[in-house]
Amino acid sequence: MTQRIPLQDLATEAAVEYQSPSSKPSNNKPPNSHSTKLGHIYVREIGGFFQRIRRFSNWLLMALYFGLPWINWGDRPLVWFDLPAQEFHLFAATFYPQDFILLTWILVLCAFGLFLITVVAGRVWCGYSCPQSVWTFLFIWFEHRLEGPRHRRIRRDKSPRNLDTLWRKTAKHAAWLLIALATGIAFVGYFTPIRALVVDMFTLDMHPLALFWIGFFTLFTYLNAGWLRHQVCLHMCPYARFQSAMFDANTLIVSYDAARGEPRRNSPQKGVEATRAGDCIDCELCVQVCPTGIDIRDGLQYECIGCAACIDACDSVMARVDKPLGLIRYTTERELEGKTTRFWRPQLLAYSAALLSMVVLLVGFLNSRVPIDVDVVRDRQTLFESTAEGRIINYYNVTLRNQDGQAHRYALSVAGLPGLRLQGMDTIEVLANETRSLRLGLTVEAGDLTQPSQPIELRFIALDDPSITSVNKIPFLGPYGE
């Protein structure tokens, strides 16, 4: 729920505690401490409509991240990137390194989706779904619970250390480290079955590589979400830098309505009468709740991650002073100028068309993807063999991978030369997601060869599902025909 603070205390507390790092201090305001330590911002907890949405999104994403490695699909994890076997299991499908183009396609698709969202609604991805923001808000949640509200944390950091401060900070960092450790274990659990991984941890029988990656992600989760926080969004994330190139006057952004809010009621400017004052009471609550420490009243800034904490904070104040909500709101520059926002515009249409085209092509590719992969390589020991009966034999090494979730028996056939036939087996059974290797001999009458190299076809057809077919064009070598 939203913290309820007497209105007369809002401005007083702000004057004692806050100075926006992005705004110039007023002449009558003493230096204060929204950011009193290097890189540290004291974030105030706030409730409200948008924060409920954000928390729901955060908990859902974390539940998926931590939960997916524990869910099994048959005898394997639901999501498992099996690097030693070069198999990537996603739900019912299994992909292989030769499907790398598919991964590239999906990444490009996600990039265009992010561009489209940015054109429409700014940095809502950052505020509601970005892993950096999700884990940062989780760490801040524990900080609030263990060290107390914002003003108490500031007082404790300014005061000499005592037992109460030490145990609270120790508990906070212990909680952060436990969350970071769980994050590292869950990440490695996508590459190693997590049940066996946890058992290996408790029996001290963990593989050194798994131990390294757990330690790596534990350390960097602890640093990024606990200590660096907004620095990651401001200085390390490239999206914060280039997203402004995708904004236009019709992009939905978090903005302060200066025409309605100015001049502020507590303005130090002489001659500003109460009857002329705007709706903003200059309580600076919007700045105290900002996770990146900006003052949204200074206008659009690249540091804003669109989390709408300032909207909920301002709405709570407006409700208590009996003023209309929306002094800070999601809006567009055109709307603030009194113009009509245009939703469909060339930039948005271009991104939408590109995204739709890629989705259609991806769906078509997935639907046409045949769950069989065949790699045929000529035996390099000899070009060909001649038999006493006047036949020519070529040998091939075949790797057959069944990419389906069920076993299949495949029929082998050849075409391209008269009298061409297989030596040995003409069917082979391959289990689900299994790879089989075999050596095939193909033979033909020497008189049927008219060139030293002629193209032929080697076909594999699933007997129980003829749509699963692989046709491989390979050369057949031999002497010139007579």
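Note that the structure is predicted; figures quoted are calculated from it, not measured. We're numbering straight along the sequence, starting at 1.
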Glu429 and Ala407 have their tightest heavy-atom pair at OE2-CB, 4.5 Å
Just wondering, more than 12 heavy atoms not from Glu434 lying within 6.0 Å of its CD?
yes
Any side-chain heavy atom of Ile468 sitting closer than 4.5 Å to one from Pro371?
yes
Which class fits the ring pair Trp227 and Tyr222: parallel under 30°, tilted 30 to 60°, perpendicular over 60°?
perpendicular
Got more than 12 heavy atoms from elsewhere within 6.0 Å of CZ, Phe212?
yes
If you measure from CG on Leu109 to CG on Leu103, what distance do you get to the nearest 0.5 Å?
12.0 Å
Give the intermediate values and the outcome of side chain to side chain contact (heavy atoms under 4.5 Å, CB included) for residues Ile296 and Cys290.
CA-CA 9 Å; Ile296 196 63; Cys290 179; over 6 Å; no
Of all the heavy-atom pairs spanning Val198 and Ile185, show the shortest one and how long it is.
CG2-CG2, 4.5 Å
Using the rule given for side chain to side chain contact (heavy atoms under 4.5 Å, CB included), can you reason through Leu400 versus His408, listing the C-alpha separation, both sets of side-chain angles and the distance that settles it, and then say yes or no?
CA-CA 11 Å; Leu400 172 62; His408 292 288; over 6 Å; no
Give a yes or no on this: more than 12 heavy atoms of other residues, nucleotides or ligands lie within 6.0 Å of atom CH2 of Trp73.
no
Measuring only between side-chain heavy atoms, which start at C-beta, is Cys126 closer than 4.5 Å to Cys233?
no
Atom pair CH2 (Trp70) and CD1 (Ile194), whose distance is rounded to the nearest 0.5 Å
5.0 Å
CD of Glu333 to CG of Leu252: how many Å apart, nearest 0.5 Å?
11.5 Å
Verdict with supporting geometry, Leu138 and Asn58, side chain to side chain contact (heavy atoms under 4.5 Å, CB included)
CA-CA 8 Å; Leu138 178 62; Asn58 289 180; over 6 Å; no
Just by distance, do the side chain of Thr221 and the backbone of Thr218 share a donor-acceptor pair under 3.5 Å?
no
Heavy-atom distance under 4.5 Å between the side chains of Phe343 and Asn250, does that happen here?
no
Salt bridge check, Arg76 against Glu87: does any charged N sit closer than 4.0 Å to a carboxylate O?
no
CZ of Arg155 to CZ of Arg150, rounded to nearest 0.5 Å, is 11.5 Å
Just by distance, no angles: are the side chains of Tyr42 and Glu147 close enough, under 3.5 Å, to form a donor-acceptor pair?
no
Flag the pair Asp248 and Arg342 as a salt bridge only when some basic side-chain nitrogen lies within less than 4.0 angstrom of an acidic carboxylate oxygen.
no
If only atom types and distance count, is the side chain of Ser57 paired as donor or acceptor with the main-chain N or O of Ile53 below 3.5 Å?
no
Any donor-acceptor pair under 3.5 Å linking the side chain of Thr251 with the backbone of Val119?
yes
To the nearest 0.5 Å, what is the distance between CH2 (Trp213) and CZ (Phe191)?
8.5 Å
Any side-chain heavy-atom pair from Leu285 and Ser316 closer than 4.5 angstrom?
yes
I'd like to know whether Tyr256 forms a side chain to side chain contact (heavy atoms under 4.5 Å, CB included) with Cys314, so could you lay out the CA-CA distance, the side-chain angles of the two residues, the decisive distance to 0.1 Å, and finally the verdict.
CA-CA 10 Å; Tyr256 167 69; Cys314 187; over 6 Å; no
Measure the spacing between OG1 of Thr340 and CD of Glu335 and express it to the nearest 0.5 Å.
9.0 Å
Pair Glu262 + Arg264, salt bridge at N-O below 4.0 Å:
yes
Between His144 and Val43 (side chain of the first, backbone of the second, donor and acceptor by atom type, cut-off under 3.5 Å), is there such a pair?
yes
Within 45° of the axis and under 6.0 Å from the centre of the six-membered ring of Tyr96, does NZ or CZ of Arg401 qualify?
yes
Heavy-atom closest contact (Phe112 atom, Tyr351 atom, distance):
CD2-CD2, 3.9 Å
Would you call Tyr239 and Arg123 a side-chain contact if the rule is heavy atoms closer than 4.5 Å?
yes
Look at the side chain of Gln406 and the backbone N and O of Asp404, then say whether any donor-acceptor pair between them is shorter than 3.5 Å.
no
State, yes or no, whether a side-chain contact exists between Leu366 and Leu102 at a heavy-atom distance under 4.5 Å.
yes
Between Arg168 and Asp164 (salt bridge meaning N to carboxylate O under 4.0 Å), is one present in this structure?
yes
How about CZ on Phe49, more than 12 heavy atoms from neighbouring residues, nucleotides or ligands closer than 6.0 Å, or not?
no
Nearest heavy-atom contact between Thr331 and Ser255 is CG2-CB, 3.7 Å
Can a donor-acceptor pair be found, under 3.5 Å and without considering hydrogens, that links the side chain of Asp257 to the backbone of Ile328?
no
What residue pairs, at least two apart or across chains, pass side-chain hydrogen bond (donor to acceptor under 3.5 Å, both in side chains) with a residue in residues 129-138?
Gln132-Thr136, Trp135-Thr183
Close side-chain approach of Thr94 to Phe88, heavy-atom, < 4.5 Å
no
Without swapping roles, check the side chain of Arg52 against the backbone of Gly47 for a donor-acceptor pair under 3.5 Å.
no
Given 3.5 Å as the limit, does a donor-acceptor pair link the side chain of Trp125 with the main chain of Thr118, or not?
no
Here the pair of heavy atoms bringing Leu197 nearest to Val188 is CD2-CG1, 3.8 Å
Quick one: does Leu78's side chain get under 4.5 Å of Leu68's, heavy atoms only?
yes
Correct closest heavy-atom pair for Gly189 and Pro69 would be O-CB, 3.9 Å
Could you tell me whether a side-chain N or O of Tyr128 sits under 3.5 Å from a main-chain N or O of Phe56, the two making a donor and an acceptor?
no
Answer yes or no: are there more than 12 heavy-atom neighbours, outside Phe242 itself, under 6.0 Å from its atom CZ?
yes
